[in-house]
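This report concerns only the one structure given below.
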Amino acid sequence: MTAAPEQIDVLDEAREQVLERGVGLSEQQVLKVLELADDRIPELLALAHEVRERWCGPEVEVEGIVSLKTGGCPEDCHFCSQSGQFPSPVRSAWLDIPGLVRAARQTRDTGATEFCIVAAVRGPDKRLLSQVRDGIKAIREDGNDIQIACSLGMLTQEQVDELVAMGVHRYNHNLETARSHFPNVVTTHSWEERWDTLRMIRDAGMEVCCGGIIGMGETLAQRAEFAVQLAELEPDEVPLNFLIPNPGTPYENYPVVEGAEALRTVGAFRLALPRTILRFAGGRELTFGDLGAKQGMLGGINAIIVGNYLTNLGRPAQQDLDMLEELSMPIKALSQTL
C-alpha cells in the first residue's frame, strides 16, 4: 500500500509563493490559513509582516474621513446605522462647506496624507456632486494639498468622469463581503452593481479602494472567497472593517469578532493581497483593543484611519500616531503620494 503524500504546510507554501514571488494565495490556501490553530497565529503574523515589508515597504498611510451627508440612505445594508429603513438613532444631516474645510485641515494637521469625503447615498445626485466640487475647491483655496478621496455610492460613467475632473485621487466603494454572501447582507442592490462601479473607476485612472466588513455571518470559506475576489479586482487599497453591532440594525445582536479570529483574518488577507495597501478601519477598537492593534500593525497592516468613523467613535488620532512611533513605523509622506 502506497503511503499518502505528505501535505505541505500552508505557511511554508506562502513563504515561497507570496514572500519570495509576490503571488497571492488561492482561495483554498486562504481558507487553510483561516483555519490555523491559535498557537500558530504569531508565526502567521510574522510572515505577513515580512510580506508587507518586502512588497509594500515600511511606510504606513494615514487617512481621515468625514461624512458630508449622514443618514437617510435608501439602501438596506444590514450592518449600517445610516440606512433609512432601520430604526437606528442616526438621523439625516449635511455638513456645510466651511465644516468640510475645517475637517480637511484637522486631518492634514494629524500628519494624514488622505482625506475621504463620504456620503450615505445609493449614488450621488447633482446636488451632492455640486457640494463635493465646491468642497474640494474650498479645501484647495485653504492651501490644503492633502489627497482627496470620495465614497459616494454607485456611479454612472458620467459621474466617474466628473470626479476625475475634480481631481479626486481615489474612490472607495466596498464590496462588503463575498459574492455568495452578499444577498444575505443587502437586498436593494446587487454585488455586481458595485463591481461595475469599481471597474469604471479603475478604467478612468482613479485609484480603487475596496474592502468590506468581517463578522456579518459569513463562513470561513466565504471569507476566503472574498479575499480572492478582492485580489481579482486588484484594488490599490483594501480597508478591513470588523462588524460593530449598531443598535437598530438587523445585526445589532451579532457577536463582536474575537481578537484571535480577527488577527488570523488580517494575516490571511495580507497573504492573499501581498502588494495592496491593507488598512485598519471600523471596529478595530472593539475587536482588538490596544495590544491587538499593535499585533495587527505587525501582521500585515500598512494603513490606518485615524480619529472617528462615520457614525462610530474611534481612538484619538494622537493615540494611533503614538502607536506608530512606538512601533518605529514611518508615516507615508504627502509628497510621495501625490
Side-chain angles (χ1 to χ4, degrees), residues 63 65-86 88 90 92-95 114-133 135-136 148-213 216 226 229-230 232-241 249-251 279 281-282 309-311:
E63 179 184 39
I65 61 176
V66 68
S67 182
L68 180 59
K69 190 264 180 183
T70 303
C73 181
E75 305 305 288
D76 74 344
C77 306
H78 292 13
F79 55 85
C80 187
S81 60
Q82 300 197 65
S83 170
Q85 300 197 29
F86 309 136
S88 77
V90 176
S92 184
W94 287 81
L95 181 67
E114 182 129 339
F115 179 66
C116 188
I117 301 169
V118 183
V121 290
R122 176 184 174 88
D125 57 16
K126 287 185 178 179
R127 176 194 177 191
L128 178 55
L129 281 177
S130 176
Q131 277 213 300
V132 171
R133 185 183 299 105
I136 292 174
I148 304 288
C150 285
S151 180
L152 311 172
M154 291 173 286
L155 303 173
T156 65
Q157 184 61 60
E158 183 180 356
Q159 291 167 337
V160 169
D161 294 341
E162 283 189 65
L163 291 172
V164 171
M166 291 178 206
V168 174
H169 154 77
R170 182 181 292 168
Y171 195 81
N172 166 251
H173 192 52
N174 289 338
L175 287 170
E176 304 300 6
T177 191
R179 186 175 187 173
S180 67
H181 187 54
F182 191 88
N184 299 315
V185 178
V186 183
T187 69
T188 48
H189 60 266
S190 69
W191 191 92
E192 289 78 11
E193 286 175 280
R194 290 186 177 231
W195 183 270
D196 289 344
T197 286
L198 291 160
R199 281 298 184 196
M200 284 190 285
I201 290 293
R202 165 69 75 211
D203 291 346
M206 269 190 283
E207 288 193 3
V208 171
C209 172
C210 177
I213 303 174
M216 298 192 294
F226 183 40
Q229 285 166 345
L230 288 171
E232 182 184 346
L233 180 66
E234 298 182 325
D236 298 277
E237 176 188 338
V238 170
L240 266 185
N241 299 271
T249 67
Y251 291 165
R279 186 181 299 276
Y309 304 102
L310 301 178
T311 58

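Keep in mind it's a predicted model, so treat the numbers as computed, not measured. This chain uses plain numbering: 1 for the first residue, then up along the sequence. Because only heavy atoms are used, hydrogens play no part in the values below, and waters and symmetry mates are left out as well, while side chains stay in.
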Dump the intermediate steps for side-chain contact (heavy atoms from CB on, under 4.5 Å) on V160 and M206, then the final yes or no. CA-CA 9 Å; V160 169; M206 269 190 283; 4.1 Å; yes
Mind checking ring-ring contact (aromatic ring centres under 6.0 Å, His included) for H181 and listing every partner two or more places apart, or none if nothing turns up? none
Sorted by chain and number, sequence neighbours left out, salt bridge (charged side-chain N to carboxylate O under 4.0 Å, His left out) with E237 holds for R170, R279
Rounding to 0.5 Å, atoms OG1 (T249) and CG (D76) come to a distance of 12.0 Å
Would you compute the distance between atom CZ of R199 and atom CD of Q157 and round it to the nearest 0.5 angstrom? 14.0 Å
Over 12 non-hydrogen atoms of neighbours within 6.0 angstrom of CD in E158: no
Check: Y251 and V185 side chains under 4.5 Å, non-hydrogen atoms: yes
Could you tell me whether the side chain of E232 reaches within less than 4.5 Å of the side chain of W195, counting heavy atoms only? yes
Taking NZ, NE, NH1 and NH2 as the nitrogens, is one of them in R202 or E234 under 4.0 Å from a carboxylate oxygen of the other? no
V186 versus E176: any side-chain heavy-atom pair under 4.5 Å? no
For H189 and C77, what are the C-alpha separation, side-chain angles and deciding distance, and is it a side-chain contact (heavy atoms from CB on, under 4.5 Å)? CA-CA 9 Å; H189 60 266; C77 306; 4.1 Å; yes
Can you see which heavy atom on C210 is nearest to which on P239, and at what distance? C-CD, 3.6 Å
Check whether any side-chain heavy atom of T188 lies under 4.5 Å from a side-chain heavy atom of P74, and answer yes or no. no
Output for pair (L233 CG, Q229 CD), nearest 0.5 Å, gives 10.0 Å
Start with the C-alpha distance between Y171 and L155, add both sets of side-chain angles, then the distance that settles side-chain contact (heavy atoms from CB on, under 4.5 Å), and finish with yes or no. CA-CA 11 Å; Y171 195 81; L155 303 173; 3.5 Å; yes
Shortest non-hydrogen pair, A281 vs N241, comes out as CB-OD1, 3.2 Å
Can you tell me how far apart NE2 (H78) and CG (N184) are? Round to the nearest 0.5 Å. 8.0 Å
Does N174 use its side chain to pair, donor to acceptor, with the backbone of G211 at less than 3.5 Å? yes
Side chain proximity check, I213 to T177, heavy atoms < 4.5 angstrom: no
Between R194 and H173, is any side-chain donor less than 3.5 angstrom from a side-chain acceptor? no
For P235 and V238, the nearest pair of non-hydrogen atoms, with its separation, is CG-CG2, 3.5 Å
For T197, the side-chain hydrogen bond (donor to acceptor under 3.5 Å, both in side chains) test, sequence neighbours excluded, returns none
Identify the heavy atoms of L128 and A119 that sit nearest to each other, and give their distance. CD2-CB, 3.7 Å
By the definition side chain to side chain contact (heavy atoms under 4.5 Å, CB included), identify the one residue from I117, I201, L163 that meets it with V168. L163
Between E193 and R122, does at least one N-O distance fall below 4.0 Å, as a salt bridge requires? yes
Is V132 close to P124 at the side-chain level, that is, under 4.5 Å between some pair of heavy atoms? no
Is there a side-chain contact between L129 and L152 in this structure, where contact means two heavy atoms from C-beta onward sitting under 4.5 Å apart? yes
In Å and rounded to the nearest 0.5 Å, what is the SG to NE2 distance from C209 to H169? 9.5 Å
